[in-house]
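Labels below follow one simple rule: chain letters A, B, ... track the order of the sequence lines, proteins then strands, and each chain is numbered from 1. Keep in mind the model is a prediction, meaning the values are calculated, not measured. Scope of the values below: all heavy atoms of this structure, side chains included, with no hydrogens, waters or symmetry mates.
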Amino acid sequence: MSDGPILVTCGLPYTNGPCHLGHLRTYVPADFYVRFLRRRGEEVVFVCGSDNHGTPIVVMAENQGVTPRDLSNRYHEHFAHIFQRMGIRFDHFGMTDGETNHRRTRSIVNALKEKGYIYPQVVEQSYCPKCRRFLPDRYVEGICPYCDTPARGDECDQGCGRHLEPGEIRKPRCLVCGTDAELREQEHFFFRLSEFGKFLEDYLQGLQGTSNARNYALGWVKEGLRDWNITRTLDWGVKFPGHDELVVYVWVDAPIGYISFTEEWARSKGLDWKRYWCGKNKVTHFIGSDIIYHHCIFWPALLTGAGYSAPHAVVASGMVKIDDQKFSKSRGYVVWTGEDYLDKGLPADYLRYYLLSYTNHTKELNFSWKVFSERVNNELVSTLGNFIYRSLFFAHKFFGKVPDGPVSAPTMEAIDRCVGDMDRAVRDFEFKGATDALMALAAYGNGYIQNQAPWKLVKTDPAAAERVVKDCLQVAHALALLMEPVLPDAAARVWRMLGNADVVEEHPISDASVRIASVTLPEPVPLFEKLEESRTRELEAVLKKRVEWAKQAAKEKDLVSIEEFSRMDLRVGKVISAEPVKGSKKLLRLMVDIGEEKPRLVVAGMAEFYKPEEMAGLSVIMVTNMKPAKIFGIESQGMVLAAGEQASLLVPLKDVPPGTMIR
RNA sequence: AGCGAGGUGGGGUAGUCAGGAUAUCCCGACGGGCUCAUAACCCGUAGAUCGAUGGUUCAAAUCCAUCCCUCGCUACCA
């Protein structure tokens, strides 16, 4: 079945905030996948680590008055602890700021340099004279050079959506202090991603995992690839070899972490990490669908360029929504794994089951406490838990042990079917399909015990009742083995209640069809407890409160003080003349008298709604202290106020002279 | 705007590539039965113009075209 060891990794959690449900959407299925395959006899290594570099961490650390290292350590510990509590068990959980990763990153960058895949280029970059530093990526805002709309430093987020290279943006401003940034020249280093188009196209055709990852990446490759600037002017990060003033871009050293964490793990076991990364490999990355580009394009190109093998599979999970709202920390739509879930005493098993069984792995998952508790109560508690408990209860009460004798053929078939279905589903990354198969076996058990009615047989034909109970216990035994990857804690409890002294995880799943021995049964206890409605309401209330609180905070943040308002110089202006701007459909060139010596020249986008002759003579409201802006080559010295799509002009109701202040 | 992923009873989902006769399964709702078990389990009922429109065909959820909506790439993000 296996042709070499499988290395499974998860997208690295970024150490600038706590673990939330979105993270778990990737980590729980990965952990399930690893647990299941291991118990199918595959050799699997499971590594992950925290991602510590990049500007957001530097800025957040500054805000909190701590070092980036301190901040990273804090959240690193947090994630490690949460994963342990959630039953997500990595063989190793490292840090990208660790020594191994610094070394491995430099080694890979040097390899790329040697092979000519990295070249220097002088770029103009935004520099904030007040903060006295270069402004990377998102710490700049300005105007998109392609479509003239406001944009962020690395992406035209409101307009055309183009990716912007550092230095491309026009009118850059520092996002931290608001100062106009200046452009300074600096030597940076670029990765020749554009040369990997053909390689990627072939590679992606054969890439295993989920189709969303493959298709999305193929689309990008077909559009053509641009070289990447892989250096940043920062202190925090992996120093670019030979240039201490530069660090490598976080998306270089973060995925290299996958290799470094394998190295660290292998070292501790006295093994060779190359076995997992060089030559034919079975590296499987579990990631969120937001970082497909990096894992399916940039990362394979980087690896290939440096002489490593590209990953075997990429499994991309859909994003999480909360109560039908887009996931958003600032708007309060977030469920924290610790604070909102584990700390409240809710079992990890419930959440693992819910995340795995709710919807297709690649689709968006809409979380709500109502559906969560509904599924827990009706599926886990009623179907699965109840079947196991009623079987054990009955067996214990009437026989005190597992009865001797055979297991019926239909029951064995049901078990084998479940094993086969789950196996197929897991290997296809259909995790919902896998939990469905598990629940189908529990449903088989329920149907079987109901139809056979051993509680009747025990009075008329005790031997027949024994045979029925034997079947039920065999199913419970199979369920314990099969549910372990989903519900590790519950599986361990069932295993003990079945009279086993050893550990369920040490048994291969194929033991499901090994006939159980006649052992003494301890007194069983119910497997799961229902979530009371009052409990669900409490959990909903926490979320609701957070959303309201966030709304309030946003409102306060948006409130404008009288001082801020008074900075705006709003005046009544009289339009002296108006004429169309040549070559433009939308623009009018206005001369407006605002009580100054000379009228102001204003370019206004209202030609579609007003004829020049309608405008002339009108009194309008104008912002007079706008920064002059060049529109269509004409410098506009103010802005005329208008409302809505139709540009309905704001005009004074009573006659006032030009230059009158608006208060 | 572009590219990618989606849209199937109240929620989730199978089926779509290789078109076929009552559209699958799980949960919820409703009714009945049963009682070993955590008011559970079993059986049954209702509920879907398969996002919209047009086309191809004897036949369309499925193929073709156009359009609409949601999400991702695109703050805070796995």
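- Heavy atoms of F327(A) sit under 4.0 angstrom from at least one base atom.
- The side chain of K321(A) places no N or O atom within less than 4.0 Å of a non-bridging phosphate oxygen (OP1 or OP2) of rU70(B).
- Look at CD1 on I287(A): it is 12 Å from P on rC73(B), rounded to the nearest Å.
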Strictly under 3.5 Å: I want the nitrogen or oxygen pairs between protein and nucleotides 3-7 of chain B, one per line.
residue, atom, partner, partner atom, Å
rC3(B), O4', E223(A), OE2, 3.3
rA5(B), OP1, N215(A), ND2, 2.8

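- Checking rA5(B) for Watson-Crick or G-U wobble geometry (two distances, each under 3.5 Å) identifies rU70(B) as its partner.
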Output one line per pair: protein atom, nucleotide atom from nucleotides 25-27 of chain B, and distance, for all N/O pairs under 3.5 Å.
residue, atom, partner, partner atom, Å
rC27(B), O3', N378(A), ND2, 3.4

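- Side chain of N446(A), nearest nucleotide from rC36(B), rU38(B), rC41(B): rC41(B).
- Looking at Q450(A), its side chain has no donor and acceptor atom pair within 3.5 Å of the base of rC43(B).
- Within the 6.0 Å centre-distance limit, the rings of Y258(A) and H295(A) are counted as a close aromatic pair.
- Here salt bridge (charged side-chain N to carboxylate O under 4.0 Å, His left out) pairs that include residues 376-403 of chain A, with residues two or more places apart or in two chains, are R375(A)-E379(A).
- When the C1' atom is used for both rG55(B) and rG19(B), the distance is 15 Å, rounded to whole Å.
- Distance K222(A) NZ to rG2(B) P: 18 Å, rounded to the nearest Å.
- How far CD1 of I57(A) is from CG of N16(A): 5.5 Å, rounded to the nearest 0.5 Å.
- Comparing rA14(B), rC76(B), rC36(B) by their closest approach to the side chain of F393(A) singles out rC36(B).
- Residue-level contact check: N366(A) touches neither bases nor backbone, having no heavy atom under 4.0 Å from any strand.
- Note: S391(A) OG to K470(A) NZ = 13.5 Å, rounded to the nearest 0.5 Å.
- For the OP1/OP2 pair of rG28(B) and a distance below 4.0 Å, the side-chain nitrogens and oxygens of K370(A) include no atom meeting the criterion.
- Taking only side-chain atoms of E364(A), from C-beta outward, the nucleotide of rA78(B), rU70(B), rA37(B) with the closest atom is rU70(B).
- At whole-Å resolution of the value, CD1 in I322(A) and P in rA78(B) are 14 Å apart.
- Distances from the side chain of W455(A) to the nucleotides rC41(B), rA78(B), rC36(B) place rC36(B) closest.
- Searching all strands for a Watson-Crick or G-U wobble partner of rA23(B) with both distances below 3.5 Å returns nothing.
- Base engagement by P526(A) is indicated by at least one non-hydrogen atom pair under 4.0 Å involving a base atom.
- No engagement by G433(A) is indicated, since no non-hydrogen atom pair under 4.0 Å with the nucleic acid exists.
- Contacts of I291(A) with the nucleic acid, taken as non-hydrogen atoms under 4.0 Å apart, involve only primed sugar atoms and P, OP1 or OP2.
- Base pairing analysis places rC30(B) opposite rG44(B); the two distances defining the Watson-Crick or G-U wobble pair are each below 3.5 Å.
- The partner of rA37(B), taking Watson-Crick or G-U wobble pairs whose two distances both stay under 3.5 Å, does not exist in any strand shown.
- Between K456(A) atom NZ and rC41(B) atom P the separation is 18 Å, expressed in whole Å.
- Between E540(A) and K545(A) there is no salt bridge, since none of the side-chain N atoms of the basic residue sits less than 4.0 Å from a carboxylate O of the acidic one.
- Taking atom C1' in both rU22(B) and rC64(B), one finds a spacing of 28 Å when rounded to whole Å.
- Comparing the C1' positions of rU49(B) and rG7(B) gives an interatomic distance of 16 Å, to the nearest angstrom.
- Stacking between F394(A) and the base of rC36(B) is absent under the criterion of ring centres within 5.5 Å and planes under 30 degrees.
- Residue contacts shown for V381(A) include a base, since a base heavy atom lies under 4.0 Å away.
- The neighbour count for E201(A) CD, taken as heavy atoms of other residues, nucleotides or ligands under 6.0 Å away, is above 12.
- Using a 4.0 Å heavy-atom cutoff across all strands shown, F387(A) reaches no nucleic acid atom at all.
- When ring centroids are compared, H20(A) and F327(A) come within the 6.0 Å threshold.
- Taking the six-membered ring for Trp and thresholds of 30 and 60 degrees, Y33(A) and F286(A) have ring planes inclined between 30 and 60 degrees apart.
- Residue contacts for S317(A): at a heavy-atom cut-off of 4.0 Å it reaches no nucleic acid atom on any strand shown.
- Between the side chain of Y27(A) and the backbone N or O of G11(A) there is at least one donor-acceptor pair closer than 3.5 Å.
- Residue contacts shown for V458(A) are absent, as no nucleic acid heavy atom lies under 4.0 Å away.
- Ion pairing of R467(A) with D471(A) is absent here, as no side-chain N (NZ or NE/NH1/NH2) approaches a carboxylate O to less than 4.0 Å.
- Checking side-chain atoms of R214(A) against main-chain N and O of Q205(A) turns up no donor-acceptor pair under 3.5 Å.
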